[in-house]
2 protein chains.
Amino acid sequence: MEIARPYLLFLGDVADSLAAKTAIGIVDWRKDWCIGQIRLQGCAADTGLPDMSIADGAAAGAKTFVIGAVNAGGRLPEHWIDSIVAALEAGMDVASGLHVRLGDIPAIRSAAEKNGRQLHDVRHSTTSFATGKGTRRSGKRILAVGTDCSVGKKYTALAMDKAMNERGYTSSFCATGQTGVFISGRGASLDAVIADFISGAAEWLSPETDDSHWQIIEGQGSLFHPSFAGVTLGLLHGSQPDGFIVCHEPTRTRMRGVETPLPTIQQVIDLTVQCGRLTNPDIRCVGIAVNTAALGDDEALAYLAKVGEQYGLPATDPVRYGMEAIVDKVSAEFGAP
Amino acid sequence: MEIARPYLLFLGDVADSLAAKTAIGIVDWRKDWCIGQIRLQGCAADTGLPDMSIADGAAAGAKTFVIGAVNAGGRLPEHWIDSIVAALEAGMDVASGLHVRLGDIPAIRSAAEKNGRQLHDVRHSTTSFATGKGTRRSGKRILAVGTDCSVGKKYTALAMDKAMNERGYTSSFCATGQTGVFISGRGASLDAVIADFISGAAEWLSPETDDSHWQIIEGQGSLFHPSFAGVTLGLLHGSQPDGFIVCHEPTRTRMRGVETPLPTIQQVIDLTVQCGRLTNPDIRCVGIAVNTAALGDDEALAYLAKVGEQYGLPATDPVRYGMEAIVDKVSAEFGAP
């Protein structure tokens, strides 16, 4: 799935910023891919991009109308359909991360057909993946893993990709979730792939490349999460990472959505190495990324110092303190750019 | 997915027994669920059931016409469609394990609608699964795991279920693959489930039951297979087994379809215990099932004796030597029926 750029971001009339987190995530990481935003009356979210009409966006060269918001329940509100049809009529493709398939809505399907435009449902893969092979391929890879879901794996991978590029490495971000796909312009929602093809999809997502090229791969779930560990393991095997970063949220006590207690960082390192060796015998942990948002500055720095010492690894909060320390570790382990 | 019985087995005109292994598997384990077989001219397979016409089968009370054979490529040959339509016209449901969906073939879909019959595509789940929760549920469970794919996990689970029932336990077989679904009359092809729902589907497949009831769960893949380990891990977490049986084929040197070397039985035991503890802290290995088909009798017995001693566990070939030794172990570990 390759999504044409630039984007025009549609925020609908959502009631808060959280509901527009896809659009906000795109602007955080790829502002220069975005022409502007469209907000319906009553919209309480704002990406900071210029407000536009569909005609303005088309005139400014927008190629894809991205539905960057969800209403409660993940459904497509009836009154958003007019905007989507208008974007298709104006010559844009439409991309959505909603559960519903755009093509299942007759007005949208016929407008897309009539105007020869593409509909991208990033939650639903249209690619036919092969099963994973586990064969070593050239290029270097870093995977974000976690003690839980929703601990900052996407943010960590994006921040690592940015920091690697700034340090002079050739690096690219490989998306495995819907917001990530918009940010990379390519990828697959790994959680929506048929079970037999998880590792095959991960191999497709992080294909053979130059040995000097680093692919920084967005993680999914946790090997210790009883809902999603299968996805995490398939992603680990398929991405055959040289290095991985453990993402952690220190105030959490239970895995998200279930009663299972959180594993320790050490347990995650050990099981990731043990399982990851199947497809990359040299796999190693290169750092720990902690979401310290719930801690004060002193507390956060003390926590990172403690964790860093305990594991003998760089520990940072990517948002607060950047990824330099982990890039240093990669440089020490694998060589300068 | 609940498939009405008895079955009328359709073998088409396949060129050898291997192509009819689904039908043969059903007859091996559930002969009393089967009324007869239908073979087209040139069919080289034979389940040993009486040959019938569709009219004979309908008159004898067949409720489901089971496509128990595959042609090369897994496609549905054009000339099988007439038989399927005739079965629907005669009042039977139709069940298939082919990749193609029966309802995607217009003649079949319209015959099913006209006659109010059900079409079961066991490779394509129609159940909406929840994500796995990892919550402990009542009942006892045994899962077949393997050093590789295609090492006898289905056969082992079926033989264990039979042996447990014969010993006076209340036991049932839980299917996770297509042939298994026909044999149990219920289940889901786990490899065809959307990745996010693997463990949830496994929880659905082996639901809460009496604490005296044993569910013997068909395994899939291997934690050490780079194509399918994600499915295996989700199944392990979702089925939260009390005991597991390691299935092994001693002459294999590489994992099926890939270059990855085979793990040892010890590695499989260790990683299964390590990962399985997430949803059942008391998980333990109860035996080793070896497919010794490639070995002579003396060699097979010597191999089983060696493996049994090495791991301190009962080791048997379910086909040659039965499952008594492993039922003894279950009885010793968990109590007599």
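A note on names: the letters A, B, ... follow the listed sequences, proteins ahead of strands, and every chain is numbered from 1.
Listed options A:V193, A:L236, A:I198 were ranked by heavy-atom pairs under 4.5 angstrom with chain B; first place goes to A:V193. Heavy-atom pairs under 4.5 Å with chain B peak, among A:K133, A:Q240, A:Q267, at A:K133. Heavy-atom pairs under 4.5 Å with chain A were tallied for B:T131, B:L278, B:V258, B:T260; the largest tally goes to B:L278. Put simply, of B:T135, B:L190, B:D191, B:T279, the one with the most heavy-atom pairs under 4.5 Å next to chain A is B:D191. For the options B:S227, B:G234, B:A229, heavy-atom pairs under 4.5 Å to chain A are most numerous at B:S227.
Judged by distance alone, with hydrogens and angles left aside, the side-chain atoms of B:N280 form a donor-acceptor pair with the main-chain N or O of B:D282 at under 3.5 Å. Using a distance-only test at 3.5 Å, with no hydrogens or angles considered, a donor-acceptor pair links the side chain of B:R141 to the main chain of B:S206.
Around atom CD of B:Q310, more than 12 heavy atoms belonging to other residues, nucleotides or ligands sit under 6.0 Å away.
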- Task: Give the C-alpha distance, both sets of side-chain angles, the deciding distance and a yes or no for salt bridge (charged side-chain N to carboxylate O under 4.0 Å, His left out) between A:K140 and A:D211.
- Result: CA-CA 6 Å; A:K140 292 207 179 63; A:D211 264 331; 5.0 Å; no

Query - Steps toward side chain to side chain contact (heavy atoms under 4.5 Å, CB included) verdict (A:E249, A:T251) - result: CA-CA 6 Å; A:E249 206 285 77; A:T251 65; 2.9 Å; yes

